[in-house]
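Below, read A as the first sequence line, B as the second, and so on, with proteins coming before strands; counting in each chain starts at 1.
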2 protein chains.
Amino acid sequence: MPTINDVARAAGVSPSTVSYVLSGRRPISAQTRERVQAAIAELGFHPHAGARALASSKTNVLALVAPLRLDVNVPVIMQFATAVVTASRTHNHDVLLLTKDEGTAGLERVANSTMVDALILMDVEREDVRLPALRRLKQPSVLIGLPNDPLGIACVDLDFAAAAGEALRHLAWHGHRKIALVGPSPAVYRRGTTYAERFLTGFTEASESLGLRTLAHPCEPDVEGVRACLDDIDAQLPGATALVVHNEESLRPLLDLLRARGKRVPEDISIVAICPRDVAINMPLPLTSVDIPAHDVGGLAVETAMRLLDGRSIESVRLLPPTLVERESCSPPR
Amino acid sequence: MPTINDVARAAGVSPSTVSYVLSGRRPISAQTRERVQAAIAELGFHPHAGARALASSKTNVLALVAPLRLDVNVPVIMQFATAVVTASRTHNHDVLLLTKDEGTAGLERVANSTMVDALILMDVEREDVRLPALRRLKQPSVLIGLPNDPLGIACVDLDFAAAAGEALRHLAWHGHRKIALVGPSPAVYRRGTTYAERFLTGFTEASESLGLRTLAHPCEPDVEGVRACLDDIDAQLPGATALVVHNEESLRPLLDLLRARGKRVPEDISIVAICPRDVAINMPLPLTSVDIPAHDVGGLAVETAMRLLDGRSIESVRLLPPTLVERESCSPPR
DNA sequence: TTGAAAGCGATACCAA
DNA sequence: TTGGTATCGCTTTCAA
């Protein structure tokens with residue numbers, strides 16, 4: 001492998017000149033630049049990442065901490081990861097993938113050994129034990145999610161409270177007054193990722209301000225769970241004409257069950273789902289939905305990290321406004 | 001951040017001694033070791049990854065190239081990734097995540113700039129254009145999958161041909177003679193990942209050697225696709241008493257449809273699925289299945305990379321034997 | 001506009 | 001069993 005010195009020699013310049021051609025941090029005459037670039041191309045020179053990191057104190061690598069369990073919503077996780085990797089590349093950074101189960105130790109390891117310039121964490125919990133450690137690192141971090149006390153750490157996420165508002169407003173506009181929320185499983189609430197409660201809070205508040213009769217019910221994402229959930233809703237909010245479904249995995253069994261019970265969507269019951277676009281589209285009936293914009297959120301996380309790295313200003317908490325897209329699962333109640 | 005020199009000074013030894021305490025590549029007296037370790041702990045010393053890489057020509061990082069599209073089987077991809085990261089950590093390596101869409105350029109970038117010691121690639125195609133580039137790299141690579149000409153590159157995967165054999169043998173043992181294969185979508189065959197054809201080949205061969213009447217049919221993984229597939233099977237192999245389903249996403253719609261048509265599983269029709277364990281288990285009816293052992297395959301890929309890195313011998317192609325687990329979807333035909 | 005040279009922080013060879 | 005030190009390949013300051 002040729003080094004910068006080989007290139008310098010071949011081009012008849014000094015190593016520093018080669019470095020400056022590469023980095024553009026100094027004006028170089030067109031002539032010299034061309035000679036250097038020719039030499040680089042000819043020799044097939046590629047700067048050594050480790051040497052660079054050592055000399056410049058920059059790795060051009062971001063750490064991405066993902067929950068690699070299967071009990072969370074895998075496709076959404078994957079979308080975040082894709083977005084983070086893609087966005088990182090546009091900023092000339094690579095991504096080191098860590099699993100959440102390495103916990104605090106993993107973060108400290110990669111940060112303290114200077115493997116990464118910044119960290120991005122997914123699946124952040126209410127009282128996330130990793131936050132104190134993050135605050136101690138010399139690298140900045142960005143959370144995808146919103147813990148109770150984000151002090152000193154940048155956070156980005158969808159505005160789930162507003163998402164609930166959007167969903168209810170849309171249904172209310174159609175004339176629905178009795179609306180039930182099919183929420184995530186109790187396990188999700190217990191686990192302490194705050195998006196579930198933020199959604200619930202938004203749901204409750206919007207319900208009041210819109211003067212609706214509503215019921216919120218958690219739901220296990222299998223056939224039995226959905227059945228139980230629907231039964232409870234029938235019992236506790238009889239005559240409900242619409243559902244807000246904040247539980248991606250429940251959608252299919254839910255639709256199946258409604259069909260089995262002879263309830264047509266949207267004629268007999270309207271549905272607004274909170275889920276990624278492609279999920280909403282690929283249901284038997286295209287669902288009106290509030291998008292979970294994993295791609296945008298991931299991109300924003302990277303953008304935020306970049307700003308942090310070059311000292312630009314950031315908003316410490318950035319919640320993306322939700323977008324509701326009408327499809328075919330909502331109509332006025334009969 | 002303290003350096004190795006700080007530690008050396010604090011412990012009253014030379015930097016090289018600290019290095020040897022860290023690496024264990026030289027005998028150190030218990031006394032010295034303790035002094036050094038105390039100094040390390042006290043100062044909170046962490047070796048600088050870049051400096052290490054520069055001096056040792058080892059990064060302790062593996063590249064993992066994943067297809068981060070959503071048109072492939074996302075949960076399985078995720079399982080591979082999890083397995084690779086986890087296994088890497090047990091070998092004291094980290095994982096740099098690349099997307100397949102960066103193509104050959106991405107591989108060359110991270111390899112030539114010495115960001116990684118080895119590469120692991122998923123979603124390898126029959127005539128994968130990346131292979132020639134891989135052969136030119138100074139780092140070794142391991143493929144998850146099996147291209148046409150793997151010459152010089154290590155490959156690991158499930159033995160899909162044997163998996164088909166297992167499935168058919170199990171059904172034949174139950175007494176089935178007319179068996180249809182619900183295969184992946186035509187797009188999968190077209191795309192050129194070879195697992196589909198390897199399975200098909202195994203299916204055909206086992207069918208002959210067992211003297212069965214079989215039909216293989218691709219299947220789009222939505223309701224309409226499954227309906228069309230079942231109709232074709234009814235027409236072309238009337239009286240089939242069992243299905244082998246090598247199409248994870250089709251499983252649910254398939255089961256739904258069979259139920260809708262009044263066909264009970266396994267009383268009226270037996271099913272063997274080829275899919276990850278958890279998918280088979282979480283169906284309405286626990287399915288007898290041949291496991292896709294993503295975790296093992298991922299672990300084996302890392303293991304192979306490690307052997308390659310320290311010059312131990314490897315088998316250039318390693319296909320894991322399939323395991324069939326009996327659950328509740330098979331019985332003798334009526 | 002360019003060059004010279006001092007680091008960056010480890011490893012590992014050569015000595016003792 | 002330990003120490004001294006050249007070396008890895010680049011960046012960046014200081015000088016010209």
Name the nucleic acid region contacted by [X], choosing base, sugar-phosphate or nothing; use a 4.0 angstrom heavy-atom cut-off, strictly under.
X	value
Ser19(A)	base
Val18(B)	nothing
Ile28(B)	sugar-phosphate

Send over the distance from [X] [atom1] to [N] [atom2], rounded to a whole Å.
X	N	atom1	atom2	answer
Arg33(B)	dT1(D)	CZ	P	9 Å
Met115(A)	dA10(C)	CE	P	14 Å
Met1(A)	dG9(D)	CE	P	11 Å
Ile4(A)	dA4(C)	CD1	P	14 Å
Arg9(B)	dG4(D)	CZ	P	13 Å
Asn5(A)	dC8(D)	CG	C1'	11 Å
Asn60(A)	dC10(D)	CG	P	15 Å
Lys58(A)	dT11(D)	NZ	C1'	11 Å

Quick one: is [N] close enough that its OP1 or OP2 comes under 4.0 Å of any side-chain N or O from [X]?
X	N	answer
Ser14(B)	dG3(D)	yes
Ser57(A)	dT11(D)	no
Ser16(B)	dG3(D)	no
Ser29(B)	dT2(D)	yes

Taking the minimum atom-to-atom distance to the side chain of [X], which one of [options] wins?
X	options	answer
Thr3(A)	dC10(D), dT11(D), dT2(C)	dC10(D)
Thr32(A)	dG9(D), dT1(C), dT12(D)	dT1(C)
Arg52(A)	dC10(D), dT11(C), dC8(C)	dC10(D)
Pro27(B)	dT2(D), dT1(D), dG3(C)	dT1(D)
Arg25(B)	dG9(C), dA12(C), dA10(C)	dA12(C)

Mind checking the [atom1]-[atom2] spacing from [X] to [Y]? Nearest 0.5 Å is all I need.
X	Y	atom1	atom2	result
Gln79(B)	Arg277(B)	CD	CZ	10.5 Å
Ile40(B)	Arg35(B)	CD1	CZ	12.5 Å
Leu68(A)	Met78(B)	CG	CE	5.0 Å
Leu22(B)	His46(B)	CG	NE2	11.0 Å
Asp6(B)	Phe45(B)	CG	CZ	8.5 Å

Looking at [X] and [N], is any side-chain donor or acceptor paired with a base atom of the opposite kind under 3.5 Å?
X	N	result
Tyr20(A)	dC10(D)	no
Thr17(A)	dG3(C)	no
Arg26(B)	dT2(D)	yes

Looking only at side chains, do Arg198(A) and Thr194(A) share a donor and an acceptor under 3.5 Å apart?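 There is such a pair (donor and acceptor under 3.5 Å, judged by atom type) between the side chains of Arg198(A) and Thr194(A).
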